[in-house]
Amino acid sequence: MSGRWAALRDLLSAPATVTAPHDLTAWTRGWAALSAEQDDPVALALHGGFAADRVGWAFAAGYQAALRRLLANFGLAPDHGARLALCATEEGGNRPRDIATTLRADGDGWRLDGAKSWITLGPVCDELLVVARLAREDDRPALKVARVPAGADGVRLQDKPPLAFVPEIPHTAATFEAVAVPGDALLDGDGYDTVVKPFRTVEDTFIALAVQSWLLREARARGWPADFAEALTASLVTLATLSDRPADDPITHLALAGALARTQSLYQQADGLWDGETDAAADRWRRDRPLFQVAGKARALRAQRAWERL
């Protein structure tokens with residue numbers, strides 16, 4: 001039985017209890033242990049969600065698993081326990097024309113200069129995947145993604161205020177001043193086409209996997225109706241299968257649109273089930289509910305463009 005299906009079997013058969021509250025230190029320690037045991041990103045998302053005590057830590061597990069799935073496209077596997085962050089967004093946005101951070105040739109390597117405005121889990125990340133443009137004469141931006149240790153000379157992180165929802169997840173801004181980047185630290189291909197665009201699809205898939213895994217454990221621990229757990233299981237199987245499809249395929253985008261629509265329906269059902277609960281976890285669910293509406297317009301546009309491509 002492959003790692004992901006064994007993980008799903010665990011979700012359905014292992015003892016399920018309402019877990020004790022976690023903090024950032026506990027989550028990082030748990031992630032290090034989990035990623036040392038699991039290689040399959042889907043299994044990481046499932047186990048990471050199951051071990052979470054709230055949406056925030058499930059989100060963190062899904063985000064990390066998504067980045068590992070993305071790097072697998074390049075034949076790369078981060079060190080066990082390593083925490084990653086994609087650094088794309090700048091003050092103007094994250095489209096190619098918005099990227100002002102630059103990579104300039106320096107001997108056999110590069111020098112990185114610029115700033116990023118929003119880095120998820122920045123304070124606890126070991127490696128940053130930084131989107132930057134190559135310094136060149138023509139007007140068309142040539143974007144690359146550089147793998148940069150978070151503690152490298154010239155990297156400076158600045159904490160951002162917590163969000164109103166999932167406030168446990170820290171974010172930072174960053175500046176890069178003449179950061180030395182080895183010549184082999186750039187990912188192959190165009191950084192926008194091979195990383196930024198596909199990651200939107202991969203991230204949606206893996207965060208949904210992890211959050212629904214957490215919700216399945218809560219459903220089992222709290223004795224919620226079996227048909228709700230069965231619907232979550234069907235959704236998890238769908239998402240796990242979609243995770244293997246090309247992230248730039250319009251069929252993938254349409255299937256994911258349908259899977260995420262079912263996800264929203266499951267969250268609406270969960271609202272009614274959480275209404276019967278009065279503990280801190282129920283309060284956190286209501287607080288964190290707006291997370292699931294973030295980037296809704298972008299997802300709708302992705303599906304629209306998929307129909308147009310077909």
Side-chain angles (χ1 to χ4, degrees), residues 28 31 35 41 63-160 170-203 206 246-248:
T28 57
W31 176 258
S35 59
Y63 178 71
Q64 291 298 315
L67 285 167
R68 287 172 178 267
R69 174 64 182 86
L70 184 75
L71 287 178
N73 292 338
F74 299 90
L76 299 173
D79 293 339
H80 291 308
R83 295 173 297 277
L84 315 171
L86 178 61
C87 307
T89 304
E90 300 189 8
E91 289 299 329
N94 61 12
R95 296 164 297 182
R97 65 176 177 267
D98 301 325
I99 304 299
T101 299
T102 58
L103 282 161
R104 298 182 184 277
D106 182 30
D108 294 333
W110 306 87
R111 288 284 173 178
L112 176 70
D113 290 276
K116 299 295 179 181
S117 60
W118 193 258
I119 302 173
T120 300
L121 289 169
V124 295
C125 281
D126 305 296
E127 183 175 296
L128 308 175
L129 305 177
V130 184
V131 184
R133 68 171 62 210
L134 297 181
R136 46 191 275 177
E137 297 299 325
D138 58 60
D139 293 332
R140 185 181 185 277
L143 299 185
K144 301 295 286 185
V145 174
R147 300 178 66 187
V148 178
D153 290 342
V155 177
R156 188 163 62 91
L157 302 178
Q158 305 93 40
D159 291 341
K160 305 282 284 188
H171 301 84
T172 64
T175 56
F176 305 96
E177 298 180 2
V179 178
V181 178
D184 61 356
L186 303 190
L187 300 186
D188 294 336
D190 178 83
Y192 192 74
D193 291 338
T194 63
V195 176
V196 177
K197 283 177 65 177
F199 186 64
R200 294 169 181 167
T201 298
V202 176
E203 183 181 33
F206 277 81
D248 60 351

[X] to [Y] - nearest heavy-atom pair and separation:
X      : Y      : value
Ala88  : Val196 : CB-CG2, 4.4 Å
Ile99  : Ala132 : CG2-CA, 4.0 Å
Thr101 : Gly114 : OG1-CA, 3.7 Å
Leu186 : Ala146 : CD2-CB, 3.5 Å
Phe206 : Ala65  : CD2-CB, 3.8 Å
Pro123 : Asp159 : CG-OD1, 3.9 Å

Would you give the length of the straight line joining atom [atom1] of [X] to atom [atom2] of [Y], rounded to the nearest 0.5 angstrom?
X      : Y      : atom1 : atom2 : value
Arg200 : Glu203 : CZ    : CD    : 10.0 Å
Leu86  : Lys116 : CG    : NZ    : 8.5 Å
Phe74  : Leu71  : CZ    : CG    : 7.5 Å
Arg133 : Tyr192 : CZ    : OH    : 13.0 Å
Leu70  : Thr201 : CG    : OG1   : 10.5 Å
Thr175 : Arg156 : OG1   : CZ    : 4.0 Å

Side chains of [X] and [Y], heavy atoms from C-beta outward: is any pair under 4.5 Å?
X      : Y      : result
Val179 : Trp110 : no
Thr102 : Leu134 : no
Glu127 : Pro149 : no

side-chain contact (heavy atoms from CB on, under 4.5 Å) against Thr89, all qualifying residues, sequence neighbours excluded: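 For Thr89 the side-chain contact (heavy atoms from CB on, under 4.5 Å) partners, ignoring immediate neighbours, are Asn94, Ser117, Trp118.
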
Going through the checks in order, is the side chain to side chain contact (heavy atoms under 4.5 Å, CB included) test met by Leu76 and Arg147? CA-CA 11 Å; Leu76 299 173; Arg147 300 178 66 187; 3.5 Å; yes

Could you tell me whether the side chain of His80 and the main chain of Ser35 form a donor-acceptor pair under 3.5 Å? yes

Backbone N/O of Asp190 and side chain of Lys144: donor-acceptor pair under 3.5 Å: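 No, the answer is negative, given that no donor and acceptor are paired below the 3.5 Å cut-off.
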
Kindly write out the residues that satisfy side-chain hydrogen bond (donor to acceptor under 3.5 Å, both in side chains) with Asn73, not counting sequence neighbours, or none if the list is empty. Arg69

In this structure, are over 12 heavy atoms from other groups packed under 6.0 Å from Glu91 atom CD?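 No, not enclosed.
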
Can you list every salt bridge (charged side-chain N to carboxylate O under 4.0 Å, His left out) pair that touches residues 76-87, not counting sequence neighbours?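 Non-adjacent pairs meeting salt bridge (charged side-chain N to carboxylate O under 4.0 Å, His left out): Arg83-Asp126.
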
Quick one: do Val148 and Leu112 satisfy side chain to side chain contact (heavy atoms under 4.5 Å, CB included)? Show the steps, please. CA-CA 9 Å; Val148 178; Leu112 176 70; 4.0 Å; yes

